[in-house]
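Below is one structure, written out as structure tokens, with a few remarks after it.
Proteins come first, then strands; the chains are lettered A, B, ... in the order of their sequence lines, and each starts at number 1.
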Amino acid sequence: MTQFEQSLYNILAVIPKGKLCSYGQLAKQCGYPNHARHVGKTLSKLPKDTKLPWFRVINAQGKISLTGDSFLRQKERLATEGIEVNEQGKIVNFRHYLW
DNA sequence: GATGTGACGCCAC
DNA sequence: CGTGGCGCCACAT
């Protein structure tokens, strides 16, 4: 477990329900600016039964970066928190950024 | 080392 | 808006 991963999980765990944040913001919060890519890489390796709110992480364009089934799963998880996502993965009601 | 590949970001056009 | 280019970092070839 790297320091980066440790920090990432800690930050991610405190993102409140109904709030969002981008990969870049997360990396920065961890103290590792410019590591947005690594955030995605790390999240992709989380177990499917993780309790961490990985679905509250979107890209800097306010869209879901996943595709196929994963895309649909994240879309649904967000929907249950009152966050609407259109067919293109774009967040409709954009006012839930945490930072 | 060199190269290719991502759940990315930013700036220009 | 959509695209393209370049920067960035870890990891597998």
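- At a threshold of 4.0 angstrom between heavy atoms, the contacts of A/Thr42 with the nucleic acid are absent.
- Between the NE2 atom of A/His38 and the C1' atom of C/dA10 there is a distance of 6 Å, rounded to whole Å.
- Ion pairing between A/Glu87 and A/Lys75 holds under the 4.0 Å rule for side-chain N and carboxylate O.
- A donor-acceptor pair is defined here as one N or O able to donate and one able to accept, closer than 3.5 Å; such a pair exists between the side chain of A/Ser7 and the backbone of A/Gln3.
- Nucleotide B/dA7 holds its P atom 15 Å from the OH atom of A/Tyr9, rounded to whole Å.
- Residue whose closest nucleotide on DNA chain B sits further toward the 5' end, between A/Gly24 and A/Lys41: A/Lys41.
- Distance CZ (A/Phe4) to P (C/dC11): 11 Å, rounded to an integer number of Å.
- Between A/Arg56 and A/Glu81 there is a salt bridge, since a side-chain N of the basic residue sits under 4.0 Å from a carboxylate O of the acidic one.
- Atom CG in A/Leu8 sits roughly 14 Å away from atom C1' in C/dC9 (whole-Å rounding).
- Taking a pair to require two hydrogen-bonding distances under 3.5 Å in either a Watson-Crick or a G-U wobble arrangement, B/dC13 pairs with C/dG2.
- Here the P atom of nucleotide C/dT3 and the NZ atom of A/Lys63 are 10 Å apart, to the nearest Å.
- Closest contact between the side chain of A/Ser22 and the listed nucleotides B/dG9, C/dC9, B/dA7 involves B/dG9.
- Taking the side chain of A/Asn34 as heavy atoms from C-beta on, and the options B/dG9, C/dC8, B/dA7, the nearest nucleotide is C/dC8.
- Rounded to whole Å, the P atom of C/dC6 lies 22 Å from the corresponding atom of B/dA7.
- The same atom, C1', is picked in C/dC8 and in B/dT5; the two are 13 Å apart, to the nearest Å.
- Pair assignment for C/dC9: B/dG6, on the basis of Watson-Crick or G-U wobble contacts that are both within less than 3.5 Å.
- Distance from the side chain of A/Trp54 is smallest for B/dA7 among the nucleotides C/dA10, B/dA7, B/dG9.
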- Derivation and outcome, side chain to side chain contact (heavy atoms under 4.5 Å, CB included), residues A/Ile58 and A/Lys63: CA-CA 6 Å; A/Ile58 57 183; A/Lys63 300 198 309 184; over 6 Å; no
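- In this structure, CG of A/Leu43 is placed 18 Å from P of C/dC9, rounded to the nearest angstrom.
- Atom pair A/Tyr32:OH and C/dC8:P shows a separation of 18 Å (rounding to whole Å applied).
- Among A/Asn59, A/Leu72, A/Leu78, A/Asn86, the one residue that satisfies the side chain to side chain contact (heavy atoms under 4.5 Å, CB included) test with A/Ile64 is A/Leu78.
- Rounding to whole angstrom units, CD of residue A/Gln29 and P of B/dG9 are separated by 14 Å.
- Nearest to the side-chain atoms of A/Ser65 among the listed nucleotides B/dG9, C/dC9, B/dA7 stands B/dA7.
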